[in-house]
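Reviewing the structure listed below.
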Amino acid sequence: MTMARYNAKESEKHWQGVWSGRQSFAASNDSTKPKAYVLEMFPYPSGRIHMGHVRNYTMGDVIARFRKAQGFNVLHPMGWDAFGLPAENAARDKGVNPSDWTYANIAVMREQLKQMGLAIDWSREFATCDVAYYAQQQKLFVDFYEAGLVYRSEADVNWDPVDMTVLANEQVIDGRGWRSGAAVERKKLSQWFFKITAYAQELLDALDHMERWPEKVRLMQKNWIGRSEGLRFSFDVSNGGKLDVFTTRPDTLFGASFAAISPDHPLSERLAKTDKKVAAFIEECRRIGTTEAAIETAEKMGFDTGLTVAHPFDPDWKLPVLIANFVLMGYGTGAIFGCPAHDQRDLDFARKYKLPVLPVVVPEGTDPKTFAVGDEAYVGPGKLANSRFLDGMDVEAAKTEIAKRMEAMGRGTRTIQWRLRDWLVSRQRYWGCPIPMVHCGACGIVPVPKAQLPVELPRDVRFDVPGNPLDAHPTWKHTSCPKCGGKAQRDTDTLDTFVDSSWYFARFADPHADAPVDAKAANYWLPVDQYIGGVEHAILHLLYARFITRGLHKLGYVDVDEPFAGLFTQGMVCHETYKGHNGEWIALDEVEKRDGKAYFKGTDTEVIVGRSEAMSKSKKNGIAPETIIDVYGADTIRWFMLSDSPPERDIEWTDGGAEGCWRFVQRVWRLIDEADALAPVGTKADGASELRRATHRAIAAVTDDVENLRFNRAVAQVYTLAGAIDAKAGAADRREALETLILLIGPMMPHLAESCWQALGHTTLVADTPWPKADPALVKSDTVTIAVQVNGKRRGEITVAADADEASVKDAALKDEGVVRALEGKTPKRIIVVPQRIVNIVA
RNA sequence: GCGGGCGUGGCGGAACGGUAGACGCAACGGACUUAAAAUCCGUAGGGGCGAAAGCCUCGUGCCAGUUCAAGUCUGGCCGCCCGCACCA
């Protein structure tokens with residue numbers, strides 16, 4: 001009997017139907033099994049899935065299926081991060097309604113994900129643009145408002161002139177909008193904020209306990225939160241006012257040679273009103289400030305205001321007050337004192353403007369009289385000098401002493417300064433969750449009562465005029481005040497889409513609940529045991545989600561603070577790039593490769609082969625997953641995604657690699673096909689044949705590798721087992737080996753596994769079959785072959801019993817022919833025996 | 001500038017401080033075939049000795065060090081990648 005070649009297309013469709021019909025992957029909210037919540041960052045419905053999705057969802061799927069096989073009650077849901085600007089752009093450019101466009105995209109992508117054969121509980125699917133979802137989000141917003149975690153404030157905001165909306169700090173990258181790439185402008189606007197800074201300390205402290213998060217991500221968050229301890233104090237200004245400054249180095253106060261304020265400091269602005277030169281200087285700073293990356297190399301610039309401040313410990317010591325472009329209004333008080341000897345920026349500035357440089361901290365054992373600072377500020381430890389009552393103290397003691405005295409004088413307080421600022425969530429856009437607030441002339445700002453929610457988006461909006469479409473709508477914003485019943489206006493802003501994705505994982509616990517989050521269900525499922533996504537969300541999404549979860553906890557919706565117990569950030573999918581001789585990107589399908597060179601298809605014109613880069617539209621080096629699935633099937637593309645490259649690193653897509661995966665699919669199928677005279681289903685293998693050993697070693701290794709997300713190694717172990725299956729082995733041993741092979745690839749190539757399982761005579765599903773268990777006795781072997789070194793160089797090899805005692809191992813080693821030759825008759829001085837590893841003879 | 005990561009065959013990559021290069025891709029040789037595809041078997045880091053089995057030697061970016069033993073640990077360089085970026 002010979003079966004046909006494995007038909008991936010038919011088989012995959014078949015098994016997808018079977019799983020769906022049996023609801024194989026439905027999660028139970030009422031189970032006695034241990035739970036496992038496996039989640040991948042949900043996709044934006046752009047229209048088609050890309051290779052990045054395939055890699056991400058394949059990894060999650062392997063974990064989900066693996067956990068199910070291990071007996072866990074698994075939650076592995078899928079949804080859509082469906083609000084956002086592309087829908088509005090499509091509406092403007094193509095005249096389609098954003099909602100229609102989005103749901104059409106979702107329909108396509110859902111089919112594509114289903115074709116991947118993901119073990120997802122589709123009954124829990126939702127999109128963030130579903131009224132049912134954003135209605136709950138509006139309730140949450142009101143809850144947060146009432147809990148004091150939401151406030152409205154006028155502030156300098158980041159304005160994206162292309163997307164025509166404001167952005168949160170985190171969403172400005174290198175002075176540009178994270179989506180549009182446009183240079184961000186500054187505006188003063190009244191906007192809604194989430195009080196994320198209220199949790200700054202908690203968000204920081206918890207990072208230390210998040211062992212299953214990558215160190216890198218924790219560090220990025222730590223830096224972003226940016227805690228620094230210091231002293232805030234005031235100078236008396238010669239104009240009779242006070243100037244507040246913040247410093248982390250109060251110990252260097254006697255080395256101060258100037259005070260500097262930001263061009264945006266209120267004092268600068270006040271001076272500008274009466275002094276044209278000040279105004280011109282501020283103008284110049286702002287111009288440079290907004291011209292993008294030039295900030296990097298921007299020269300330090302200062303302007304002497306003519307004002308002075310008195311040194312807090314010596315009223316006769318006057319320091320000039322300068323406006324300096326490197327002082328940021330957004331951090332601390334927007335004013336500093338400059339101590340050039342111990343701060344590089346201050347030193348650069350002082351050298352340029354010929355200000356004194358007096359060292360006040362000198363390294364241990366250095367004479368303060370001879371210690372000089374050149375072009376490099378001294379920021380290391382040492383003893384205080386030239387500092388009156390601080391002389392001789394170390395830095396820490398001096399900081400404390402100054403702080404104590406300042407506090408006693410009522411001039412300063414020790415404070416903690418954060419880099420993190422509150423999360424600006426208002427967006428002047430249409431396709432987002434409407435902010436459920438009403439502005440009443442009489443009552444001020446009034447939340448929409450929960451009974452009146454949701455505030456639904458209108459369908460009839462225009463996108464052919466610039467500005468906020470909701471604001472431009474003729475009637476939508478007009479409403480009555482929930483409090484006094486008088487005429488009032490709705491808030492026409494919508495929420496940042498990062499709000500949508502900051503609690504969806506909690507909603508999945510019970511996506512049909514009447515409350516935003518069903519406490520019982522969420523407390524059962526949360527935290528997410530394994531979250532998988534791109535490192536690009538290391539700060540934005542992950543920090544916001546951690547904050548919102550704390551808010552949910554405060555409101556009693558959940559008992560946890562941290563939403564994601566385990567986080568894994570996967571690498572990108574890359575491909576070689578091609579360029580023409582004018583530097584233009586050449587699409588993959590316009591290139592053909594011949595004899596190691598690349599040409600324009602059908603011509604002899606060479607194209608330049610560039611390095612491998614993340615697949616992207618702009619570089620034209622993307623491969624559409626659907627074409628691969630169409631040709632080879634989902635299992636092949638899944639296998640590719642897991643093979644070779646460690647999951648956290650970038651993977652390079654190659655045609656050869658894909659073909660190799662496809663060949664392996666066929667090879668597995670053939671192994672089953674050609675396996676004649678197997679023992680019947682249910683036969684127990686016995687004994688300790690080589691094949692049985694290989695089988696159980698594979699179980700142990702693959703289990704360990706998948707457990708630790710080392711999929712590339714798991715794949716290699718599977719290859720090794722496949723190679724070990726020998727037609728000459730016993731019928732029972734071969735059945736065991738083949739069944740094991742199939743169960744091990746089950747999470748990785750689920751369709752192929754089901755087909756093979758059936759071909760092996762089973763009437764059950766791999767999806768319902770427990771994960772195999774390794775017999776420890778078979779994993780360990782009786783004999784081991786170890787190397788024997790002489791003076792650290794490998795000279796021979798001996799095979800000894802695994803439990804051989806040291807004496808007999810030594811004995812065997814010394815008898816080895818190669819060892820004898822290498823010893824040249826010398827007597828060993830020392831023999832190191834590492835059991836089951838190595839013998840090293842020192843002669 | 002600061003912080004983090006990485007550097008191993010033609011390529012992707014393996015390797016609790018213990019036989020470097022598992023496993024795969026590409027390559028080459030052979031078998032099967034009228035032929036091709038598919039498949040199967042075999043070879044394979046560099047150099048040297050040998051008819052062969054095999055043996056010697058050099059090899060994990062570079063230079064030192066610790067150790068019986070270093071791809072792995074330590075220090076210093078070089079290169080690449082990522083994050084933050086005048087945060088006082």
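Scope of the values below: all heavy atoms of this structure, side chains included, with no hydrogens, waters or symmetry mates. Chain A is the first sequence line, chain B the second, and so forth, proteins listed ahead of strands; every chain is numbered from 1. Here the structure is a predicted model, which means the values were calculated and not measured.
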Inter-nucleotide [atom1] distance ([N], [M]), Å rounded:
N: C41(B); M: G50(B); atom1: C1'; result: 27 Å
N: C77(B); M: G4(B); atom1: P; result: 15 Å
N: U39(B); M: U33(B); atom1: C1'; result: 11 Å
N: G10(B); M: C62(B); atom1: P; result: 14 Å
N: G46(B); M: C32(B); atom1: P; result: 30 Å
N: A44(B); M: G54(B); atom1: P; result: 10 Å
N: A14(B); M: G83(B); atom1: C1'; result: 29 Å
N: G17(B); M: G65(B); atom1: C1'; result: 15 Å

Hey, does the Lys NZ or Arg CZ of Lys300(A) hover above the aromatic six-ring of Phe326(A), less than 6.0 Å from the centre and inside 45° of the axis? yes
Do any side-chain nitrogens or oxygens of Arg670(A) fall under 4.0 Å of OP1 or OP2 in C40(B)? yes
Report yes if at least one side-chain N or O of Ser643(A) is closer than 4.0 Å to OP1 or OP2 of C25(B); otherwise report no. no
Can you tell me the distance, in whole Å, between the [atom1] atom of [X] and the [atom2] atom of [N]?
X: Asp673(A); N: C40(B); atom1: CG; atom2: P; result: 13 Å
X: Arg419(A); N: G3(B); atom1: CZ; atom2: P; result: 16 Å
X: Leu542(A); N: G83(B); atom1: CG; atom2: P; result: 15 Å
X: Arg663(A); N: C40(B); atom1: CZ; atom2: P; result: 9 Å
X: Trp669(A); N: A38(B); atom1: CH2; atom2: P; result: 21 Å
X: Lys216(A); N: C81(B); atom1: NZ; atom2: P; result: 14 Å
X: Trp224(A); N: G83(B); atom1: CH2; atom2: P; result: 13 Å
X: Tyr719(A); N: A22(B); atom1: OH; atom2: C1'; result: 14 Å

Does any part of the side chain of Gln201(A), heavy atoms only, come nearer than 4.5 Å to the side chain of Arg227(A), both counted from C-beta? yes
Student check: side-chain heavy atoms of Trp639(A) and Met748(A) closer than 4.5 Å: yes
Crowding at NZ, Lys352(A) (>12 non-hydrogen neighbours, <6.0 Å): yes
Watson-Crick and G-U pairing of RNA chain B written in dot-bracket, each distance under 3.5 angstrom, with | for inter-strand partners: (((((((..(((.....[....))).(((((.......))))).(((((....)))))..(((((..]....))))))))))))....
Starting from the C-alpha separation in whole Å, work towards a yes-or-no answer on side-chain contact (heavy atoms from CB on, under 4.5 Å) for Ile196(A) and Leu543(A). CA-CA 9 Å; Ile196(A) 191 169; Leu543(A) 192 61; 4.3 Å; yes
Polar side-chain atom of [X] near backbone of [Y] as donor-acceptor pair, under 3.5 Å:
X: Thr252(A); Y: Gly255(A); answer: no
X: Gln666(A); Y: Tyr6(A); answer: yes
X: Thr636(A); Y: Cys661(A); answer: no
X: Asp343(A); Y: Ala377(A); answer: no
X: Asp422(A); Y: Thr197(A); answer: yes

Taking the side chain of [X] as heavy atoms from C-beta outward, which of [options] is closest to it?
X: Ala787(A); options: A88(B), U19(B), U39(B); result: U19(B)
X: Arg345(A); options: G12(B), A88(B), A14(B); result: A88(B)
X: Arg5(A); options: A88(B), A38(B), G4(B); result: A38(B)

Identify which one of Arg345(A), Gln344(A), Arg351(A) satisfies the side-chain hydrogen bond (donor to acceptor under 3.5 Å, both in side chains) criterion when paired with Asp348(A). Gln344(A)
Anything under 30° is parallel, anything over 60° is perpendicular, the rest tilted; go ahead and classify Phe235(A) against Phe337(A). perpendicular
Give me the ring orientation class for Tyr353(A) and Phe349(A): parallel if the planes are under 30° apart, tilted from 30 to 60°, perpendicular past 60°. tilted
Kindly write out the residues that satisfy side chain to side chain contact (heavy atoms under 4.5 Å, CB included) with Val820(A), not counting sequence neighbours, or none if the list is empty. none
Hey, does [X] reach any base, or is it just sugar-phosphate, or nothing, if we go heavy atoms under 4.0 Å?
X: Asn712(A); result: sugar-phosphate
X: Ser228(A); result: sugar-phosphate
X: Gly656(A); result: sugar-phosphate

Nucleotide-resolved protein contact map, [range], B/S/- at heavy-atom distance under 4.0 Å:
range: nucleotides 65-80 of chain B; value: ---BS-----------
range: nucleotides 42-53 of chain B; value: ------------
range: nucleotides 55-60 of chain B; value: SSSS--

Evaluate the side-chain contact (heavy atoms from CB on, under 4.5 Å) criterion for residues Met301(A) and Phe303(A): first the C-alpha distance (whole Å), next the side-chain angles of each, then the deciding distance (0.1 Å), finally the verdict. CA-CA 7 Å; Met301(A) 294 196 302; Phe303(A) 184 92; over 6 Å; no
For a quick test of reading the model, state the closest non-hydrogen atom pair linking Gly332(A) to Phe246(A) and the distance between them. CA-CB, 4.4 Å
For Ala700(A) against Val779(A), the heavy-atom pair lying closest together: CB-CG2, 4.1 Å
Where does G79(B) land, syn or anti, given syn is within 90° of 0? anti
What residues 327-340 of chain A contributes to the RNA chain B interface at heavy-atom separation below 4.0 Å is Val327(A), Leu328(A), Tyr331(A), Ile336(A)
Start at the 5' end of RNA chain B and walk down; is the nucleotide closest to Thr248(A) or to Glu797(A) reached first? Glu797(A)
Judged by each residue's nearest nucleotide on RNA chain B, which is more toward the 5′ side, Ile786(A) or Ile651(A)? Ile651(A)
Does the pair Lys815(A)/Asp811(A) count as a salt bridge with the N-to-O cut at 4.0 Å? yes
For side-chain contact (heavy atoms from CB on, under 4.5 Å), just list the numbers for Ile725(A) and Leu691(A), CA-CA rounded to whole Å, side-chain angles, deciding distance to a tenth of an Å, and then say yes or no. CA-CA 7 Å; Ile725(A) 294 175; Leu691(A) 180 55; 4.2 Å; yes
